[in-house]
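Step one of this worksheet: look at the structure below.
These figures come from a predicted structure and were not determined experimentally. Chain letters run A, B, ... following the sequence lines, proteins first and then strands; every chain starts at 1.
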There are 2 protein chains.
Amino acid sequence: MLLILRSAARVFCAKGYEGASMRDISRASGVALSSLYYYCRNKQGLLFQIQMTAFTEILARLAPRLAGADDPAQQLRALVRNHLEYSLEHPDEMKVLAHEADSLAGRERKAVAEIKRRYYRKAMEIFEALEAKKRVRPLDPRVAVLSLFGMMNWIHTWHRSGTDPGAEELGRAIATIFLDGVLENRLAARQTAARPARPVAAGERARRVPPMAAEAPARASS
Amino acid sequence: MLLILRSAARVFCAKGYEGASMRDISRASGVALSSLYYYCRNKQGLLFQIQMTAFTEILARLAPRLAGADDPAQQLRALVRNHLEYSLEHPDEMKVLAHEADSLAGRERKAVAEIKRRYYRKAMEIFEALEAKKRVRPLDPRVAVLSLFGMMNWIHTWHRSGTDPGAEELGRAIATIFLDGVLENRLAARQTAARPARPVAAGERARRVPPMAAEAPARASS
DNA sequence: TAGTTTGTAGAACGAACGTTCGATCGGGAA
DNA sequence: TTCCCGATCGAACGTTCGTTCTACAAACTA
């Protein structure tokens, strides 16, 4: 079964979800076409299990690393490092995650959206803790955090494992760009107060709580 | 014909290249299925024309804006602004660009890869000019520039035109994060020399010139 | 031993796919 | 009028798709 999921991830990654046929997966895994349906209800079920497993694993790995770092900046570095390590360890699954986010529908789509949202919320909380502790630029926090995810999730489009830096150096670079780009660091005064750098209209922060996506409609199926 | 391309972009965006059928495009454009083949050789030809047109337009818009700004930092802001404006004006085409980068094959794939590469080189040159003028962190320039593209190209996955900021504010935020994240701005001394912040082994920069991607193999077609 | 479960596989289903073919239509050229 | 040519279309071709059905072999249960 693990073999099937891994083969399916490889095929989905190489040809896209719609472009990959169950016969391709059968060939890649060495399991007969009809036998695939013993392990999953659907082609969609395969994609679902791949995505769900990946997000679950990322979150599971993240938790202890966050617990080990109490400074928000360090926590953010840990999140980036964790994301990138998984990314480079499982490039196929990661590409499927980023590429085929909209290929699911119905209940399964909802489930993946929810765990993805949990992940995003965690990053957002860290960023808010950072805002509370350090002086942060007058940026929309949603834009900032999603830009960070952008840097991380774009990597699979250009990274070549032989010649490009590994997770450690990559993570250091991206986390540094983000932190120094986001922190108000022009002069000495390191503030301890939670005061945001820009006066914020009442409710402006709260209004933006439902984030990441109001869950875009699934790709039309017909 | 423009109608066909626009409809095709909308359909490709909504269902993915492989998931979209020529019949879908026929329905969306109001042009009979067989008539589509009067304007393009292939389904692939449609995707090719969409991608080529988009990149050409982005580059065409970029040139005058770069000419209007001589400071590398301002040029970089112009590039970001230009990219984001096109992104929000043509979200469908942009999603197709980011999502279906690997769906082409053969000659057409090569052509798109080359113009994309031209775009990347332009960004790289600006970054190198920045390095020559300002003090820059010891970062792999390839990683830095591609992270910037990551922030920009990820936007289409989360941006909702009604509630999220427009190109101007978005561009300002992303360019600021990038510039302040990349520039060595901790203390006063603003250097004019081209000296990189970190000693660089001879040839290290030159070795990395072939960038963005050594052109990954196309998705297997069978 | 007999019966049930677990895993595998071949063959086939109807539907949808990309693409081609030949016919038709309208308007400028002779 | 006659001819022609760019543009459009319905119908069909052969292929491949996701999925189901049925059968069969080994392994465990009683």
(request) May I ask you to verify if any side-chain N or O of B/S34 is less than 4.0 angstrom from the OP1 or OP2 atom of D/dC9? (result) no
(request) Please figure out whether B/L33 or B/G30 has its closest DNA chain D nucleotide nearer the 5' end. (result) B/G30
(message) Out of the candidates B/K95, B/M94, B/E100, B/H99, only one should pair with B/L97 under the side chain to side chain contact (heavy atoms under 4.5 Å, CB included) rule; please name it.
(response) B/M94
(request) Determine, using ring centers only, whether A/F178 and A/F149 are less than 6.0 Å apart. (result) no
(message) In this structure, how many angstroms lie between the P atom of C/dT19 and the CG atom of B/L46, rounded?
(response) 9 Å
(message) I need the CZ-C1' distance between A/R27 and D/dT16, as an integer number of Å.
(response) 11 Å
(request) Look at the side-chain N and O atoms of B/Y38 and state whether any lies under 4.0 Å from the OP1 or OP2 oxygen of D/dT8. (result) no
(message) Whether A/Y39 contacts C/dT8 is assessed here as follows: a side-chain N or O lying under 4.0 Å from the phosphate OP1 or OP2. Is that the case?
(response) yes
(message) Nearest whole Å is fine: how far is C/dA16 C1' from B/K15 NZ?
(response) 11 Å
(request) Specify the separation, in whole Å, of atom CD of A/Q44 and atom C1' of D/dG18. (result) 12 Å
(message) If I take atom OH in residue A/Y37 and atom C1' in nucleotide C/dA11, what distance separates them, rounded to the nearest angstrom?
(response) 15 Å
(request) Provide, to the nearest angstrom, the distance between the OH atom belonging to B/Y17 and the P atom belonging to C/dC17. (result) 14 Å
(request) Figure out the CE/P separation between B/M22 and D/dA11, and round it to whole Å. (result) 19 Å
(request) Give a yes/no verdict on a cation-pi contact between A/K43 and A/F12, requiring under 6.0 Å between NZ or CZ and the six-membered ring centre and an angle within 45° of the axis. (result) no
(request) Check whether any side-chain nitrogen or oxygen of A/N42 sits under 4.0 Å from OP1 or OP2 of D/dT19, and answer yes or no. (result) yes
(request) Taking all heavy atoms of A/C13 and all of A/D92, pick out the closest pair and write down the distance. (result) SG-OD1, 3.6 Å
(message) Please find the pair of heavy atoms, one from A/D140 and one from B/P165, that lie closest to each other, and give the distance.
(response) OD2-CG, 3.9 Å
(request) Rounded off to whole Å, could you give me the NZ-to-P distance for the A/K43 and D/dG18 pair? (result) 4 Å
(message) Check this one for me: any side-chain N or O of A/S35 less than 4.0 Å away from OP1 or OP2 of C/dA9?
(response) yes
